[in-house]
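Notes follow the structure.
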Amino acid sequence: MMKRIIWLISGLNRRMMKLLFALALIAYIASVWGTYTNMRLWLLSERRFVIWSKEIPTCEIPVRKGSEENSDHRWGGVCGFPPDGQADDGHEVTVVDNFFTGRKRNVEHWIGHENFELINHDVVEPLYIEVDQIYHLASPASPPNYMYNPIKTLKTNTIGTLNMLGLAKRVGARLLLASTSEVYGDPEVHPQNEEYWGHVNPIGPRACYDEGKRVAETMCYAYMKQEGVEVRVARIFNTFGSRMHMNDGRVVSNFILQALQGEPLTGNPEEHTILEFARLIKSLAQDDPQRRRPDIRKANMMLGWEPVEGLNKTIQYFSRELEHQANNQYIPKPKAARMKKGRPRHN
Ligand SMILES: O=C(O)[C@H]1O[C@H](OP(=O)(O)OP(=O)(O)OC[C@H]2O[C@@H](n3ccc(=O)[nH]c3=O)[C@H](O)[C@@H]2O)[C@H](O)[C@@H](O)[C@@H]1O
């Protein structure tokens, strides 16, 4: 046997040996390259997001996403809950919601997608997961919702934000805070640019939201300066759009719903005309900002952002919502009367 092997080897001439060696080298390079490319693909597709739900309807904010080498601004619906398309782009998206104002219907088209996960969790409690980017959109945003439980609103914006920054710090994630134009309170400067510090009543009925978001912003910058957490803050002005709640209570959705149902446009179902409504607001809402208008020049220059005309889309959306509501209303069927002692009886 041994003799046979020696005979075989000695039978190979130098040329053959060289050829075999070259083939082995090519096979080795190919296998190393394969692992490398696989790893790159894996790393890029492993980008994970966590989204905290909020009933902010669709508005378009540019998000820098994907790998650093792919650093063009892409339009991701940060507020379009969740950023539609990101799960399809190979990103793993985790949506975290306590469904205080959010609805499962807003994400139902993602349920079952291999890159999508929905966690029912309250941001006020700590959360330990692995993520690369955090979109912290938690908190009710419409005045009737945030005033419904002001302490909960404050907890969400303070303790909730602390937890998210703690998570960002632990995993080295970048965090975007959805802040608000309400940080300007009742502004004395028009239009408002981001250098303006605001004019907020700290004990007024809106304070839970205004001051909650102000301290959330402060926390973001404290974590950035002290802990090196990468943060972004977007001050979102009044928004409207698809996936907005029918009971949102803000004037645009109220008007659209009333118009679609052929009712007078009052803005508020308990009041009467627009004029009366306007007078009422003026007299009652000392805490309500008289005028708020963003200075969008910087956003336009740096991000190429321009407001999109979404009114028609919003009207179409509410029209579908009304139809859905009409088709899905639970109307209990009348029970058949049962006879007892000769008399019909209803249970
Ligand atoms: O009190 C202090 O002196 C310290 O407070 C924080 O440190 P720490 O309280 O340890 O908490 P963080 O790591 O900042 O996290 C904040 C919160 O986020 C929450 N968290 C943290 C990590 C995580 O993965 N998930 C999560 O929900 C925890 O509830 C935690 O309490 C600061 O980060 C420190 O710089 C500061 O020195």
Side-chain angles (χ1 to χ4, degrees), residues 42-56 63-68 76 78-79 81-83 86-87 90-104 106-107 110 115-141 145-146 149-180 183 202 207-236:
W42 181 80
L43 283 173
L44 292 179
S45 66
E46 270 297 286
R47 212 153 271 273
R48 281 164 295 203
F49 298 86
V50 58
I51 320 289
W52 301 96
S53 125
K54 165 175 184 168
E55 87 284 29
I56 304 178
V63 200
R64 195 182 283 270
K65 67 169 190 159
S67 58
E68 283 311 315
V78 174
C79 310
F81 180 68
Q86 293 199 341
H91 301 295
E92 288 180 26
V93 177
T94 305
V95 169
V96 182
D97 198 344
N98 67 352
F99 297 105
F100 176 60
T101 56
R103 295 177 305 169
K104 287 205 179 99
N106 286 353
V107 287
W110 284 111
N115 289 341
F116 180 81
E117 194 182 352
L118 177 65
I119 302 177
N120 189 333
H121 178 88
D122 191 330
V123 68
V124 166
E125 303 299 331
L127 179 75
Y128 291 85
I129 54 173
E130 304 303 315
V131 287
D132 301 317
Q133 295 184 12
I134 301 170
Y135 296 88
H136 175 26
L137 315 178
S139 176
N145 285 337
Y146 67 64
N149 188 339
I151 296 170
K152 184 74 183 171
T153 303
L154 275 165
K155 278 184 171 178
T156 305
N157 284 299
T158 53
I159 304 170
T161 303
L162 183 80
N163 284 338
M164 281 307 87
L165 287 162
L167 173 64
K169 175 183 140 187
R170 183 177 65 79
V171 298
R174 182 193 290 167
L175 179 140
L176 174 105
L177 170 73
S179 186
T180 171
V183 296
C208 58
Y209 189 62
D210 300 11
E211 296 288 23
K213 286 292 184 192
R214 284 171 73 91
V215 85
E217 287 195 13
T218 308
M219 282 175 171
C220 284
Y221 285 91
Y223 268 79
M224 183 187 80
K225 285 175 196 145
Q226 192 179 319
E227 301 291 343
V229 174
E230 219 187 319
V231 294
R232 302 284 186 275
V233 172
R235 290 181 183 152
I236 302 166

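Numbers here are sequence positions counted from 1. First listed ligand is number 1; within each ligand, the first listed atom is number 1.
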Test side-chain contact (heavy atoms from CB on, under 4.5 Å) applied to His136 and Leu165, step by step: CA-CA 9 Å; His136 175 26; Leu165 287 162; over 6 Å; no
Closest approach of Ser179 to Glu217 (non-hydrogen atoms, all atoms of both residues): OG-OE2, 2.6 Å
Exercise check, heavy-atom protein proximity under 4.0 Å to atom 35 (O) of ligand 1: yes
Closest protein heavy atom (residue, atom, distance) for atom 15 (O) of ligand 1: Gly166 CA, 3.2 Å
Nearest-option assignment for atom 13 (O) of ligand 1, heavy atoms, candidates Lys169, Glu125, Met164: Lys169
Asp122 and Phe100: CA distance, side-chain angles, deciding distance, side-chain contact (heavy atoms from CB on, under 4.5 Å) verdict: CA-CA 9 Å; Asp122 191 330; Phe100 176 60; over 6 Å; no
Where ligand 1 meets Leu162 - atom numbers and elements under 4.0 angstrom, heavy-atom basis: 16 (C), 17 (C), 18 (O)
Atom 37 (O) of ligand 1 [closest protein heavy-atom partner, distance rounded to 0.1 Å]: Gln226 NE2, 4.1 Å
Atom 30 (C) of ligand 1: nearest protein contact (heavy atom, Å): Asn163 OD1, 4.3 Å
Heteroatom proximity flag, Pro126 to ligand 1, N/O under 3.5 Å: no
Proximal ligand 1 atoms for Glu227, defined as those under 4.0 Å from one of its heavy atoms: 32 (C), 33 (O), 34 (C), 35 (O)
Under-4.0 Å heavy-atom contact with ligand 1, by part of Leu127 that carries it: backbone
Closest approach of any protein heavy atom to atom 23 (C) of ligand 1, naming residue and atom: Tyr128 CE2, 3.3 Å
Heavy-atom nearest neighbour in the protein, as seen from atom 24 (O) of ligand 1, with distance rounded to 0.1 Å: Arg170 NE, 2.5 Å
Residue, atom name and distance, where the atom is the protein heavy atom closest to atom 5 (O) of ligand 1: Tyr223 OH, 5.0 Å
Flag: protein heavy atom within less than 4.0 Å of atom 26 (C) of ligand 1: yes
Protein contact for atom 2 (C) of ligand 1 (heavy atom, distance under 4.0 Å): no
Minimum heavy-atom distance between Lys213 and Ser139, given as atom pair plus value: NZ-CB, 4.1 Å
Short side-chain to backbone donor-acceptor contact, Arg174 and Glu230, under 3.5 Å: no
Shortest non-hydrogen contact from Tyr223 toward Gly166: CE2-N, 4.2 Å
Non-hydrogen protein atom less than 4.0 angstrom from atom 7 (O) of ligand 1: yes
